[in-house]
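Computed from a predicted structure; not experimentally measured.
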Amino acid sequence: MATTLPSPPKIGMVSLGCPKNLVDSERILTQLRGDGYQMSPDYAGADIVLVNTCGFLDSAKEESLEAIGEAIAENGRVIVTGCMGKEADAIRARFPQVLAITGAHEYEQVVGAVHEAAPMPPSAFLNLIPDAGLKLTPRHYSYLKISEGCNHRCSFCIIPSLRGDLVSRRPDAILREAEKLVEAGTKELLVISQDTSAYGVDLRHASWPVKTGGPMSRNEARDVRAHMTDLSRELGKIAPWVRLHYVYPYPHVDHVIPLMAEGLVLPYLDIPFQHASPSVLRRMKRPGNDAKVLQRIHNWRTIAPDITIRSTFVVGFPGETEEDFQYLLDWLDEAQLDRVGAFRFEPVEGAAANLLPDHVPEELKEERYARIMEKTAAISAAKLQAKIGRTLDVIIDAVDEEGATGRSQADAPEIDGEVFLRDAGHLTVGDIVPVTIEDADDHDLYGVPV
């Protein structure tokens, strides 16, 4: 006798903000799928639309409010979660019809709100999810969140008030998740957190017994310390590529560089320096020893010559003088960072920097932003020109009849450059292949598979 299954409610998701928010969205959807809900790719087919908001900058808040408004207009049944959930009153004042509002990484609360708004029909046949959970990224790369929150109190940032102090995951749980992701097809793990270098501080860098079956682990049981260096080494035994993001330049970062030279971790560091001028860094409440940082960068390149260093900088911070800004440009000339992003300072409600004197006029911020982008584009172009003629490993992100698009070890998805390949229609997404570089522009490379 045939069994007619009940039709489960469908959930749509709008995920805004950083990769950490994306991981939160994946966990929420994984839990809901485990509870039997189906996913909808559009507003029309969804019984509930979840909007995972970003609340870091005023411009991000406005984008989040626009996304909530669009979801209400297109669907009408909306639950809001994420960083902007801290401002529930402001959201309800603008959108009183929102069904529920929860804060960042409040998984149980948002799932509970979905259960209340769109109850699941009882059925033992609907509770099915893949072992690796549901992902919002392509199959071949995955974000791996190792901790939540931050212990720093940078004057321009409100992350601790949104996400709390540092809370690290146990290394055994992280490595089990990494192994499941790789078994499901992940080739590149992108390690993320608010402060990757601080991983394990709250756990007092204790050790946990771990047994993983990665291709380089020989399946042996061993104790793994909750520490950035130890975790990086273990992840390198599991996944072909491991990329470190949001690395605060603590002294122990130096110990990760030999792992890059060994090939266990990609020679890539994402370090948000934010500025170089000591006076600006003091007002930002960030450490600032630019000479020592330059020496460390030199040492890193001696150990791992192909290391890529990406960073972000804030221009127009309150009190930033022309001398401070020129100091930053001169520092960039010496540091020769490979990938640089810049942001104009933007006051964030609740940030201590708002109370600082001598705010920089908007037109001056724009002028400085243009100058730093011109400087860093020239550095990037020169570095990429030097790669012409070399053979680099490239991970393939897309393939069509005209060729393929991928990324080298120097390129994180969506924030760095790409490698455009000719004569590559035979490749498959997720392949890691050697590519001869034939040309370059300011940000991207062009080549052919070997």
Main chain of [Y], side chain of [X]: is a donor-acceptor contact present, judged purely on distance under 3.5 Å?
{"X": "Asp441", "Y": "His443", "answer": "yes"}
{"X": "Ser311", "Y": "Phe273", "answer": "yes"}
{"X": "Glu346", "Y": "Ser59", "answer": "yes"}
{"X": "Asp202", "Y": "Ser168", "answer": "yes"}
{"X": "Asp439", "Y": "Tyr446", "answer": "no"}
{"X": "Arg139", "Y": "Ala184", "answer": "yes"}
{"X": "Lys86", "Y": "Ser161", "answer": "yes"}
{"X": "Gln385", "Y": "Ala440", "answer": "yes"}

Do the side chains of [X] and [Y] get close enough for a salt bridge, i.e. N-O under 4.0 angstrom?
{"X": "Asp172", "Y": "Arg176", "answer": "yes"}
{"X": "Glu177", "Y": "Arg169", "answer": "yes"}
{"X": "Glu87", "Y": "Lys61", "answer": "yes"}
{"X": "Glu362", "Y": "Lys365", "answer": "yes"}
{"X": "Asp24", "Y": "Lys145", "answer": "yes"}

Donor-acceptor pair between [X] and [Y] side chains, under 3.5 angstrom:
{"X": "Ser408", "Y": "Asp411", "result": "yes"}
{"X": "Thr137", "Y": "Ser142", "result": "no"}
{"X": "Glu26", "Y": "Tyr143", "result": "no"}
{"X": "Tyr250", "Y": "Asp195", "result": "yes"}
{"X": "Ser380", "Y": "Asp442", "result": "no"}

Salt bridge (charged side-chain N to carboxylate O under 4.0 Å, His left out) contacts touching [range] (sequence neighbours left out):
{"range": "residues 397-409", "answer": "Glu188-Arg407, Asp397-Arg407"}
{"range": "residues 247-271", "answer": "Asp254-Arg296"}
{"range": "residues 376-386", "answer": "Asp338-Lys383"}
{"range": "residues 310-327", "answer": "Arg283-Asp324, Arg310-Asp416, Glu320-Arg368, Glu322-Arg368, Glu322-Arg371"}

Above 12 or not: heavy atoms from other molecules or residues under 6.0 Å from CZ of Arg153?
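It does: Arg153 CZ has more than 12 such atoms within range.
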
I'd like to check the side chain to side chain contact (heavy atoms under 4.5 Å, CB included) partners of Asp393; sequence neighbours left out, ordered by chain and number.
Trp241, Gln409, Ile432, Pro434

Check side chain to side chain contact (heavy atoms under 4.5 Å, CB included) between Ala353 and all other residues, then give those that pass, not counting sequence neighbours.
Ser155, Phe156, Phe317, Phe345, Leu356

Rounded to the nearest 0.5 Å, how far does [atom2] of [Y] lie from [atom1] of [X]?
{"X": "Ile437", "Y": "Leu421", "atom1": "CD1", "atom2": "CG", "result": "7.5 Å"}
{"X": "His140", "Y": "Thr186", "atom1": "NE2", "atom2": "OG1", "result": "9.5 Å"}
{"X": "Thr405", "Y": "Ile396", "atom1": "OG1", "atom2": "CD1", "result": "8.0 Å"}
{"X": "Asp42", "Y": "Glu74", "atom1": "CG", "atom2": "CD", "result": "10.0 Å"}
{"X": "Leu328", "Y": "Leu332", "atom1": "CG", "atom2": "CG", "result": "4.5 Å"}
{"X": "His227", "Y": "Ser197", "atom1": "NE2", "atom2": "OG", "result": "9.0 Å"}

Please list all pairs meeting ring-ring contact (aromatic ring centres under 6.0 Å, His included) that have one or both residues in residues 386-413, counting only residues at least two apart or in different chains.
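Sorted pair list comes back empty.
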
Just one of Val23, Leu144, Ile146 clears the side-chain contact (heavy atoms from CB on, under 4.5 Å) bar with Ile192, so which one?
Val23

Would you please name every residue forming a side-chain hydrogen bond (donor to acceptor under 3.5 Å, both in side chains) with [X], sequence neighbours left out?
{"X": "Thr196", "answer": "Ser193"}
{"X": "Glu363", "answer": "none"}
{"X": "Glu366", "answer": "Arg344"}
{"X": "Tyr369", "answer": "none"}

For Cys54 and Ser64, what are the C-alpha separation, side-chain angles and deciding distance, and is it a side-chain contact (heavy atoms from CB on, under 4.5 Å)?
CA-CA 6 Å; Cys54 177; Ser64 294; 4.3 Å; yes

Could you note down all residue pairs passing side-chain hydrogen bond (donor to acceptor under 3.5 Å, both in side chains) where residues 417-428 supplies at least one of them, sequence neighbours left out?
Arg422-Glu438

Find out whether [X] and [Y] are in side-chain contact, i.e. whether some heavy atom of one side chain is under 4.5 Å from a heavy atom of the other.
{"X": "Gln326", "Y": "Leu329", "value": "yes"}
{"X": "His298", "Y": "Leu294", "value": "no"}
{"X": "Met84", "Y": "Leu65", "value": "yes"}
{"X": "Glu179", "Y": "Leu175", "value": "no"}

Indicate, with yes or no, if the rings of Tyr327 and His275 have centres closer together than 6.0 Å.
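No, ring centres 6.0 Å or more apart.
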
Ring centroids only, cut at 6.0 angstrom: are His152 and Tyr248 within range, meaning strictly under it?
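Ring centroids of His152 and Tyr248 are less than 6.0 Å from each other.
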
Please test Val51 against Met13 for side-chain contact (heavy atoms from CB on, under 4.5 Å), starting from the C-alpha separation and ending with a verdict.
CA-CA 6 Å; Val51 181; Met13 170 69 83; over 6 Å; no

Salt bridge (Lys or Arg N to Asp or Glu O under 4.0 Å) between Asp431 and Lys187, worked out:
CA-CA 8 Å; Asp431 287 346; Lys187 301 289 186 66; 5.0 Å; no

Of Thr81, Asn52, Thr30, the residue whose pairing with Ser25 passes side chain to side chain donor-acceptor pair (under 3.5 Å):
Asn52

